[in-house]
Amino acid sequence: MATQSIQLYNEAYMSLMKGLKELHLPSECVPCDLLLTGDHAFPLAINSQGQVLMAASQYGRGRIVVLGHEGYLTPFPALIENALTWLRGDGSDNVSVGIHKHVRAVADNLRKSSFQAKVVEAFSNNLGIGVYVTDAYSVGEDPKDLVAFLKAGGGVLIGGQAWNWAAHHPKENVLLHFSGNKVSGVAGIYFSDIYGKVENLPVYPQIPSSWKTLKVGKDFQGDLEFLLKGISEFELRTKEGIVASEILVHGPLAFPIGTTEDGRAFLAGAYYGKGRVVLISHEGVLGEETKFRKDLSVFVCTAYSDEHVKEIQDFVAEGGGLLIGGHAWWWAHTHCGQNPLKDFSGNKILNKMGLSLLVTTIDEGSYKALLPFLKNKPQRPVVHNRKIRVNANTAENEVWISTGLYISPGLKTYMITPAEITNKGWKIQIGCQTDFLTANELKRAPCVSVDFPITSERMQVWNLWGGLIYLVAPPNTKVNGVEVIVEKAVSAPYYQSGKTTAADWSSLRTAPAPWAELEFENIIITVPSEFVRSLDRPDKLAAHWDKIMRSIADLAAIPHKFPRKERIAQESSTAQTAFTFHLGWMHSGYPIMGHTPTAAELVNVDIAKIKDMWGPIHELGHNQQRSCWEFRPHTTECTCNLWSVYVHEEVLGINRAQAHPEMTLTNRKKRTEEYVRGGRNLKNWYIWVALETYMQVQEKFGWDAFKKVFAAYHQMSNFPNHNKGKMNLYAETFSQTVGMNLCGFLKSWGWPIEESTEDKLSNLPPWTDHPMVQYG
C-alpha cells in the first residue's frame with residue numbers, strides 16, 4: 001500500500017474513532033470475526049486474538065462501515081455519528097439517513113444529532129438519502145440496488161454476525177450466500193462463521209494491527225472437491241505448446257488447484273467480492289474466449305489485455321465469474337526493464353484478487369491433483385491423531401523441533417498441547433522457508449511460513465502455502481517426553497540418526513509430503529522429497545555429516561555436541577532467499593537457506609566429493625564466526641572460508657586448490673601482487689584477499705594454531721569493540737600461541753599494529769621469512 005494511501009486511511013480511521021478512548025463490547029452480543037481482503041479495507045477494532053470486530057472500506061465512490069454484530073449499532077452513539085459523518089463523504093451536505101426498521105433504535109439515538117433519520121421497510125433508490133443503515137440479515141436476496149448505491153457514492157453502515165446463520169445452513173457457502181456478504185463483500189469485508197472474543201477494546205491513535213489477523217480466509221476443501229471431481233492428474237506438454245507460468249497464490253481467499261510436487265501452482269482459484277475466478281497459467285487450454293459485456297455471468301479471457309481492468313474487477317466483485325488464462329514469461333522476455341508483477345496486463349487484473357502470474361515456468365510433466373482434500377480418494381494419505389513425543393533442552397536460542405508431518409496448502413488442523421508447554425513461550429510453526437523477501441521482483445510470496453504462539457491446549461493451525469510442522473521451543477527450556485497430538489496432517493520422509501531403522505526408512509522415504517528432513521548428530525537437512533526417494537543408506541550419509549560437523553567443531557575449539565543442531569533448508573528450485581551472496585545461492589543463519597540446485601550434494605556423498613561442498617560449509621563457517629576476532633566488513637565473507645578449506649582437506653580429501661577456483665596458486669599470487677601494488681590499503685583487504693593472509697599463516701603454523709587461538713578466545717572477556725583494537729589483540733594472541741612475533745608480517749598486510757603490541761611481543765623471535773618479504 002502506498003504511503004499516501006496509508007495516510008488517507010489513517011485520516012479516515014481517526015475521523016471514525018474521534019473522541020473514543022475504548023469500546024466496552026456488550027457481553028450479550030457475540031460477534032463474528034470479519035475477514036478483510038480488499039485493498040481499501042482497514043480494521044477499526046481488533047481484539048487480543050487478532051480478530052477484526054469492526055472495519056471500514058471503500059467501493060467505487062462510496063464508503064462502508066461493517067460491525068461484527070448488529071448489537072453494536074446502538075451502544076456506541078459517538079462511533080455511529082462519526083461513522084455517518086465519514087460515510088456521507090467529503091463535501092456532501094446530505095444529512096438524510098435511511099434506517100431499516102429492524103435497527104430503528106439507531107434512529108432514536110440520532111434525535112439530537114444533525115442527521116435526519118428515516119425508518120424504512122427496505123432500501124430503494126428513491127429514498128434521497130446519503131447513508132443507509134441496516135443489519136446484515138435485511139439486505140434481501142439480491143441487493144444489487146444497494147451495491148449500486150454504494151458504488152455511486154453512497155454510504156452503508158451494516159452490522160451483524162454470520163456464525164448463527166452458518167450453523168443453520170451447514171452446506172451453504174458463507175462468503176457467497178450470507179446476505180450481509182452480498183453487500184460488504186464487494187468492498188473486501190466478509191462476515192465469517194468464526195466467533196469473536198468479547199472484550200473491552202482500547203481505541204488506538206492509528207489503525208490497529210496484529211500479525212494474528214493474517215489468516216486463511218476459508219477452508220477450500222469444498223471448492224477443491226467440486227473443481228477436481230473426476231480429475232486425478234494434470235498433463236503439461238511443452239511439445240503441444242503448453243509452457244505454463246507459475247502462479248503466485250497470495251490472497252487470503254485464493255487457493256491452488258493444480259500444483260507440482262513441491263507446491264508450485266499452475267492452476268488456481270479465488271473469491272473476489274461476490275464473485276469467483278479461476279486462473280489457468282497458459283491460455284492454450286481455454287478454447288474460445290468472450291468479449292467483455294456487463295450482462296455476462298461468466299467472462300472467459302486471456303491475460304494479455306488490460307483494456308477492461310477496472311470493469312472486469314467490478315464485474316467479479318459484484319458477482320460475476322472470471323475464467324482467465326495466460327502466462328507471463330514471454331511478456332517478460334519482450335518487455336525488459338518492466339516489472340511483470342506490476343506491469344503485465346494479466347496481473348493488473350489479478351493482483352487484487354490474490355493471484356499473480358510469475359515469469360518462472362512449470363516443467364513439462366504429469367502432476368497429481370490436490371487430492372488430500374478429497375474424501376473418497378486421498379492421493380496423499382492424511383494421518384489422524386498422530387502423537388508426537390517432545391523432548392527439549394535449549395540453551396540461549398530457540399530450537400525448532402521436527403514433527404515429521406506436513407500440512408497441505410489451505411488445509412486446517414487442530415493441535416493439542418499439554419499444559420507444560422502452553423503459555424510458556426512455545427510456538428507452532430508451519431513451513432521451513434522463513435526468509436522474508438523484500439526484492440523488487442518476487443518469485444514467491446514474501447513470507448510463506450506461519451507461527452502460532454501456543455496459548456491454549458487446543459489450537460487450529462494452517463498455512464495457505466502448506467509446509468512442514470514444527471514445534472518451536474523457547475530459550476532456556478527443558479521438557480522431557482511431553483505429548484503433542486496433531487489431529488490431521490500428511491506424513492513426510494523423516495530420518496533420525498539412532499532412531500529410524502532401515503526398515504522404517506524403506507517406507508518413510510516414500511511418504512507423500514513434498515519436503516523431507518534428515519536429522520543427524522549435529523545438523524538437520526531439509527530438501528524436496530524427490531532427493532531422498534532413492535536414498536538407500538541414510539546411515540552412511542549420517543556418518544558423512546557427523547564427520548563434517550565434528551571437524552567444524554574441532555576447528556572452532558568447541559565440544560563435538562552442538563548446543564543446537566544446525567539446520568540447512570532449501571527453497572524451491574526457482575524461488576529466492578533473503579540474501580544472494582556472490583559465493584553462492586545460500587545464506588547463513590538458523591536455518592541456513594539455499595536453493596534446490598544445492599540439494600544433491602547435501603544428500604549424496606558421492607556427488608559431494610565430486611562437486612565440492614564449498615557453499616554449505618562456507619555458511620556453516622559463518623555460523624561459527626565470533627565478533628571478538630572478526631574485523632567487519634573486511635572478514636565477513638573471509639574467515640568463514642577457513643572452515644571450507646579445513647573440511648575439504650581434512651574430511652573430504654580435496655586440496656584447497658581444487659576446492660574452489662579462487663584458491664589456485666595462480667589466483668592467490670595474482671591477488672596478493674595486486675594488493676601490494678594498490679598500496680596495501682585495508683579498504684581493499686576483504687574476502688579472498690583477506691583470506692590469503694590467513695592461508696599464509698596456516699601454511700606456516702598449521703591448523704592446530706587456529707584451534708588453539710580460538711580456544712584462547714573462549715577464555716577471554718572484555719574485548720575491544722573496534723577493528724584496530726581487535727586486530728592488535730588477534731596479533732598478540734596468535735603470536736603468543738605460536739611462540740613467534742607476527743607483527744612484521746601483519747604490518748606487511750597493512751594491519752594497524754600499535755607500538756604497545758610490538759613491545760608486548762618483543763621477547764618473541766620475529767617471523768622474518770614470511771611470504772610477504774618478497775614484496776619489500
Side-chain angles (χ1 to χ4, degrees), residues 16-36 41 43-57 63-87 97-113 115 117-123 131-140 143 146 155-169 174 178-185 187 189-203 208:
L16 285 160
M17 309 307 285
K18 182 176 64 175
L20 298 170
K21 294 184 178 179
E22 59 183 352
L23 299 170
H24 294 276
L25 302 183
S27 59
E28 68 274 12
C29 298
V30 179
C32 73
D33 187 11
L34 300 174
L35 174 64
L36 274 54
L44 301 177
I46 299 178
N47 66 15
S48 62
Q49 304 300 306
Q51 296 173 313
V52 179
L53 304 184
M54 302 180 182
S57 187
R63 298 172 176 177
I64 186 170
V65 171
V66 182
L67 308 180
H69 196 283
E70 68 274 15
Y72 295 168
L73 287 166
T74 51
F76 309 113
L79 171 63
I80 299 305
E81 286 199 43
N82 290 344
L84 295 177
T85 300
W86 181 75
L87 287 168
V97 179
I99 299 175
H100 193 276
K101 63 181 181 179
H102 289 165
V103 291
R104 65 173 64 246
V106 176
D108 297 335
N109 287 345
L110 293 176
R111 286 175 182 170
K112 296 182 180 180
S113 74
F115 292 98
K118 298 180 183 180
V119 177
V120 299
E121 292 287 325
F123 177 82
V131 180
Y132 183 66
V133 183
T134 182
D135 62 39
Y137 327 112
S138 305
V139 299
L146 182 53
V156 175
L157 173 59
I158 183 170
Q161 46 79 15
W163 54 261
N164 185 57
W165 181 91
H168 290 87
H169 301 81
V174 176
F178 177 63
S179 57
N181 286 335
K182 295 177 182 179
V183 178
S184 64
I189 302 177
Y190 296 88
F191 298 92
S192 80
D193 59 355
I194 299 174
Y195 297 93
K197 184 179 180 181
V198 178
E199 297 174 337
N200 291 333
L201 304 180
V203 174

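Just so it is clear, the model here is predicted, and its values are computed rather than measured. Counting from 1, the numbers follow the sequence of the chain as shown.
Taking Asn164 as the reference, Gln161, His168 meet the side-chain contact (heavy atoms from CB on, under 4.5 Å) condition, with sequence neighbours excluded. Under the ring pair (Phe, Tyr, Trp, His ring centres under 6.0 Å) criterion, Phe123 pairs with Tyr132, Phe149, sequence neighbours left out. Taking Lys197 as the reference, Asn47, Ser48, Gln49, Gln51, Glu199 meet the side-chain contact (heavy atoms from CB on, under 4.5 Å) condition, with sequence neighbours excluded. Under the side-chain contact (heavy atoms from CB on, under 4.5 Å) criterion, Thr85 pairs with Phe115, not counting sequence neighbours. Residues satisfying the ring pair (Phe, Tyr, Trp, His ring centres under 6.0 Å) test with Trp165, not counting sequence neighbours, are His169, Phe178. The side-chain contact (heavy atoms from CB on, under 4.5 Å) check on Glu81 picks up Leu110, Ser113, with sequence neighbours excluded.
Atom CG of residue Leu53 and atom CG of residue Leu34 lie 7.0 Å apart, to the nearest 0.5 angstrom.
Nearest approach of Cys32 to Ala162, heavy atoms of both residues: SG-N, 3.7 Å. Here the shortest heavy-atom pairing between Leu87 and Leu157 reads CD1-CB, 3.8 Å. The two residues Gly68 and Tyr72 come nearest to each other via the heavy atoms N-CD1, 4.1 Å. In terms of heavy atoms, Pro43 sits closest to Val52 at CB-CG1, 3.9 Å. Nearest approach of Val119 to Ala107, heavy atoms of both residues: CG2-CB, 3.8 Å. Closest of all the heavy-atom pairs between Leu20 and Leu16 is CD1-O, 4.4 Å.
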Test log, rule side-chain contact (heavy atoms from CB on, under 4.5 Å), inputs Val66 and Phe191: CA-CA 9 Å; Val66 182; Phe191 298 92; 3.4 Å; yes
Test side-chain contact (heavy atoms from CB on, under 4.5 Å) applied to Asn109 and Phe76, step by step: CA-CA 10 Å; Asn109 287 345; Phe76 309 113; over 6 Å; no
Test log, rule side-chain contact (heavy atoms from CB on, under 4.5 Å), inputs Ser179 and Asn181: CA-CA 5 Å; Ser179 57; Asn181 286 335; over 6 Å; no
From CA spacing to verdict: side-chain contact (heavy atoms from CB on, under 4.5 Å), Leu84, Val133: CA-CA 9 Å; Leu84 295 177; Val133 183; 4.0 Å; yes
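Counting heavy atoms from C-beta outward, His100 and Ile158 have side chains that stay 4.5 Å or more apart. Contact annotation: the side chain of Met54 never approaches that of Leu201 to less than 4.5 Å [non-hydrogen atoms, C-beta and beyond]. Side chains of Val183 and Ile64 form a contact here, defined as non-hydrogen atoms less than 4.5 Å apart. Within the 4.5 Å cutoff, the side chain of Val30 has heavy atoms near those of the Trp163 side chain. Side-chain contact between Val203 and Lys21: absent, with no pair of heavy atoms (C-beta onward) separated by less than 4.5 Å. Inter-residue side-chain proximity for Pro31 and Val198 is flagged as met; some heavy-atom pair is nearer than 4.5 Å. Side-chain contact check for Val65 versus Leu44: some heavy-atom pair is nearer than 4.5 Å. Inter-residue side-chain proximity for Tyr137 and Glu70 is flagged as met; some heavy-atom pair is nearer than 4.5 Å.
Here the side chain of Ser192 pairs a donor or acceptor atom with the backbone of Asp33 at under 3.5 angstrom. Using a distance-only test at 3.5 Å, with no hydrogens or angles considered, a donor-acceptor pair links the side chain of Arg63 to the main chain of Trp86. Thr74 places no side-chain N or O within 3.5 Å of a backbone atom of Ala105 that could act as its donor or acceptor partner.
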